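In this text, all values refer to a predicted model and were calculated from it rather than measured experimentally. When a residue number appears, it is its place in the shown sequence, counting from 1. Values below: all heavy atoms of this structure, side chains included; hydrogens, waters and symmetry mates excluded.
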Amino acid sequence: VQLQASGGGLVQPGGSLRLSCAASGKISSINGVGWYRQVPGKEHELLAVISRDGSANYAASVKGRFTISRDSTKTTVWLQMSGLKSEDTAVYYCRADCIDYNDGTPVVFASWGQGTQVTVSP
């Protein structure tokens, strides 16, 4: 599974931005897709996850401001961000958690997209 993240940019505080994560490869192996962000010197922060069944969960820091969704083919996952704050400035990544089978043996793996920079500034 390969992921391509896009949609980052510069936005003013209070503004909105929509990030996209396009998946290719063995889509059927994807269990869930999450959006993360990272600022220099810190670990990746999990923001939102959409599961295979379409259910979504959010970190407290973004709940009510960010919305994760996907298209009907499950090849694109979006992160709609609104009410952006300066502390949302970071590099944003999408990650797919996958499971595949090799001669009946489950193989669990993750695939990351490249980051997309989001900068919130006046």
Do [X] side-chain atoms and [Y] backbone N/O form a donor-acceptor pair below 3.5 Å?
X: S82; Y: R65; value: yes
X: D71; Y: T76; value: yes
X: Y92; Y: L79; value: no
X: S111; Y: A96; value: no
X: R70; Y: S51; value: yes
X: R95; Y: W112; value: no

Legend entry - Close aromatic pair by centroid cut-off 6.0 Å: F66 and W35: no

Legend entry - No-hydrogen, no-angle side-chain donor-acceptor test under 3.5 Å, T119 and S121: no

Inset, instruction - Ignoring hydrogens and angles, state whether a donor on the side chain of S20 or Q4 is under 3.5 Å from an acceptor on the partner side chain. - result: no

Inset, instruction - Starting at CD of Q80, measure out to CZ of R18 and round the result to the nearest 0.5 Å. - result: 6.5 Å

Might you point out which heavy atoms bring [X] and [Y] nearest each other, and give the distance in Å?
X: M81; Y: L19; result: CE-CG, 3.8 Å
X: R52; Y: K74; result: O-NZ, 3.8 Å
X: G8; Y: T116; result: N-OG1, 3.0 Å
X: V1; Y: C98; result: CG2-SG, 3.9 Å
X: I50; Y: V77; result: CG2-CG1, 4.1 Å
X: L3; Y: A23; result: CD2-CB, 3.6 Å

Would you kindly confirm whether [X] and [Y] end up in one hydrophobic cluster when ILVMFWY residues are joined by side chain heavy atoms under 4.5 Å apart?
X: W78; Y: V49; result: no
X: I30; Y: V108; result: no
X: Y36; Y: L84; result: no

Any side-chain heavy-atom pair of [X] and [Y] under 4.5 Å:
X: K85; Y: V120; answer: no
X: Y93; Y: H44; answer: yes
X: C94; Y: Q114; answer: no
X: K63; Y: N57; answer: no
X: P122; Y: Q12; answer: no
X: V118; Y: L17; answer: yes

Legend entry - Derivation and outcome, side-chain hydrogen bond (donor to acceptor under 3.5 Å, both in side chains), residues T89 and Q117: CA-CA 8 Å; T89 295; Q117 176 71 46; 5.9 Å; no

Inset, instruction - Evaluate the criterion side-chain hydrogen bond (donor to acceptor under 3.5 Å, both in side chains) for residue pair T105 and D103; output intermediate values, then yes/no. - result: CA-CA 6 Å; T105 301; D103 290 335; over 6 Å; no

Inset, instruction - Using a cut-off of 6.0 Å, state whether more than 12 heavy atoms not belonging to E87 lie near its atom CD. - result: yes

